[in-house]
Student: 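The following block contains the structure, expressed as structure tokens.
The chains referred to below are lettered A, B, ... by the order of the sequence lines, with proteins before strands, and numbering in each begins at 1. Predicted model only: the values in this text are computed from it and were never measured.
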2 protein chains.
Amino acid sequence: MRAFNRYYTNLIGVLDKDYLETQYTLTEARILFEISLGKKNASEIIEAMRIDKSYLSRVLKKFEKNKLIIKSKSGKDARTSQIGLTAKGKLELNALNTLADKQLEELLRDLSATEIKQLALHMNSIMEILNQKSAS
Amino acid sequence: MRAFNRYYTNLIGVLDKDYLETQYTLTEARILFEISLGKKNASEIIEAMRIDKSYLSRVLKKFEKNKLIIKSKSGKDARTSQIGLTAKGKLELNALNTLADKQLEELLRDLSATEIKQLALHMNSIMEILNQKSAS
DNA sequence: TCATAATAGTTGACTTAGTCAACCATTATT
DNA sequence: AATAATGGTTGACTAAGTCAACTATTATGA
């Protein structure tokens, strides 16, 4: 398993490099994605991604400046703001997803359809097994 | 599959944080590991890990200074040096491996023996499928 | 209900990790 | 022999992330 972790760390490291040509980092892309999933405020994103809150704060500020998100104070708790993707934010996220798809395509280039299907199954199984734990 | 990549990116990111308490980064640990596998010179490590050569150069310098490795000029090609782990290097690597083991243990804590076995099988399958491609 | 603690997020100052380009020295090519 | 290619190092830099201190607000408990 250590071998797999090393293997996948390497793989992700390679994929990561493509984000150099992008306006955003892999982490930023992931944050944007989390927001698109409906994470409503900073704490939730921090909880989900386990990143530093100061770092997130700055990333969100950047997003806001670039008009990818809007923050709106919710009456309920004046300390937090509700975060939502703007149209432009959705567009950017889409572009980033397209990059991820291209990377996958490249990764799977020489695989047969059945191999790809098997790969997907294995991946799903891993997530299921590990998730069940986190649900416990 | 994008989901799995995101998932595992997150997981690795979490594991990565433990290396903060270590004297070495995850990347450095991986470099050390590659050397232990018998990678003899910088080029081979670069090829295997796809990291920047200047970065690697500095890491190796640090390793050498900390006496984790020894570089020896090989008569064959005076541009390269042969890299080898010292006893201390092996020791440090061992400590880092122990950390990785602890992390795994934590990750698998609530899983049954069969689940762990299945997990390992899925991981192996993924590596096999993806590797076969790279071998082509 | 007031003081204290806890939570959410921001800011300043900093460190580390990694990048990019230029550069030597050596070896390969023609 | 000249030129190109390779292996690695160095300088200068940027980006990514961390840590601690702080403000504002909300929750808690004597």
Side-chain angles (χ1 to χ4, degrees), chain A residues 9-10 12-32 34-35 39-66 69-84 96, chain B residues 9-10 12-32 34-35 39-66 69-84 96:
Chain A
T9 301
N10 211 46
I12 287 166
V14 171
L15 299 183
D16 186 25
K17 288 188 177 48
D18 288 347
Y19 284 83
L20 273 173
E21 289 145 36
T22 289
Q23 217 182 133
Y24 302 96
T25 69
L26 176 56
T27 309
E28 286 172 340
R30 287 166 57 218
I31 292 172
L32 209 55
E34 286 294 335
I35 296 171
K39 296 283 179 301
K40 300 171 286 303
N41 52 47
S43 304
E44 287 184 45
I45 299 173
I46 288 165
E47 166 66 21
M49 297 186 58
R50 269 116 217 304
I51 57 177
D52 186 77
K53 60 181 179 172
S54 68
Y55 180 46
L56 177 63
S57 175
R58 278 180 250 265
V59 170
L60 291 181
K61 201 150 86 179
K62 176 182 171 187
F63 282 173
E64 209 180 5
K65 190 178 150 206
N66 292 6
I69 61 168
I70 33 162
K71 285 188 191 173
S72 49
K73 290 277 166 201
S74 72
K76 194 73 187 165
D77 186 340
R79 288 169 302 182
T80 72
S81 5
Q82 302 300 92
I83 300 166
L96 290 167
Chain B
T9 301
N10 211 47
I12 288 167
V14 170
L15 299 182
D16 185 25
K17 287 187 178 45
D18 288 346
Y19 284 83
L20 273 174
E21 288 146 37
T22 288
Q23 217 185 130
Y24 302 96
T25 69
L26 176 57
T27 309
E28 287 172 340
R30 287 167 57 219
I31 292 171
L32 210 54
E34 286 293 336
I35 296 171
K39 296 284 178 300
K40 302 171 284 304
N41 53 47
S43 305
E44 286 184 45
I45 299 173
I46 288 166
E47 166 66 21
M49 298 186 58
R50 267 114 217 304
I51 57 177
D52 187 79
K53 60 181 180 171
S54 69
Y55 180 46
L56 177 63
S57 175
R58 277 179 251 266
V59 170
L60 291 181
K61 201 150 85 180
K62 176 181 172 188
F63 282 174
E64 208 180 5
K65 188 178 151 206
N66 292 7
I69 60 167
I70 33 160
K71 284 189 193 173
S72 50
K73 291 277 167 200
S74 72
K76 194 74 188 167
D77 186 339
R79 289 169 302 183
T80 72
S81 5
Q82 301 301 93
I83 301 167
L96 291 167

Student: Between atom CG in B:D52 and atom C1' in D:dG11, what is the gap in whole Å?
Tutor: 13 Å
Student: Check this one for me: any side-chain N or O of A:S57 less than 4.0 Å away from OP1 or OP2 of C:dT10?
Tutor: yes
Student: Nearest whole Å is fine: how far is C:dT26 P from B:K73 NZ?
Tutor: 8 Å
Student: Return yes if some donor-acceptor pair links the side-chain N/O of A:K17 with the main-chain N/O of B:R50 below 3.5 Å, else return no.
Tutor: yes
Student: Give a yes/no on whether any side-chain N or O of A:S43 is located under 4.0 angstrom from OP1 or OP2 of C:dG9.
Tutor: yes
Student: With no hydrogens and no angle check, is any side-chain donor or acceptor of B:N41 less than 3.5 Å from a backbone partner on B:E44?
Tutor: yes
Student: Starting from P on C:dT16, measure out to OH on A:Y55 and report it in whole angstrom.
Tutor: 17 Å
Student: Whole angstrom is fine here: how far is it from CG in B:L26 over to C1' in D:dG17?
Tutor: 15 Å
Student: Could you tell me whether the phosphate oxygens of C:dC20, OP1 or OP2, come under 4.0 Å of any side-chain nitrogen or oxygen in B:S54?
Tutor: no
Student: Distance check needed: D:dC19 P versus A:I51 CD1, whole Å only.
Tutor: 14 Å
Student: Any idea which of D:dT18, C:dC20, D:dT26 is nearest the A:A78 side chain?
Tutor: D:dT26
Student: Which heavy-atom pair separates A:E64 from A:K71 by the least distance, and what is that distance?
Tutor: OE2-CB, 3.7 Å
Student: Atom CG of A:L20 and atom C1' of D:dA15: how far apart are they, to the nearest Å?
Tutor: 9 Å
Student: So, is A:K76 near the phosphate of C:dA8, with a side-chain N or O under 4.0 Å from OP1 or OP2?
Tutor: no
Student: Return no unless some side-chain N or O of A:K61 is found under 4.0 Å from OP1 or OP2 of C:dT11.
Tutor: yes
Student: Is the shortest side-chain N/O distance from B:T27 to OP1 or OP2 of C:dG18 below 4.0 Å?
Tutor: yes
Student: Check whether the side chain of B:R79 and the base of D:dT9 form a donor-acceptor pair under 3.5 Å.
Tutor: no
Student: For a quick check of understanding: with a heavy-atom distance under 4.0 Å over all strands, which category does A:D77 fall into, base, sugar-phosphate or nothing?
Tutor: sugar-phosphate
Student: Would you mind telling me which residue lines up with the more 5' stretch of DNA chain D, A:K53 or A:T25, judged by nearest nucleotide?
Tutor: A:T25
Student: In this structure, how many angstroms lie between the C1' atom of D:dT6 and the CD atom of B:E44, rounded?
Tutor: 14 Å
Student: Give the nucleotide from the list C:dC20, D:dT9, D:dA16 with an atom nearest to the side chain of B:K71.
Tutor: D:dT9
Student: Any idea which heavy atoms bring A:I69 and A:L60 closest together, and the distance?
Tutor: CD1-O, 3.6 Å
Student: What pair of heavy atoms forms the shortest contact from A:F63 to A:I35, and how long is it?
Tutor: CD1-CD1, 4.4 Å
Student: What is the distance from CZ of B:R58 to P of D:dG7, rounded to the nearest Å?
Tutor: 19 Å
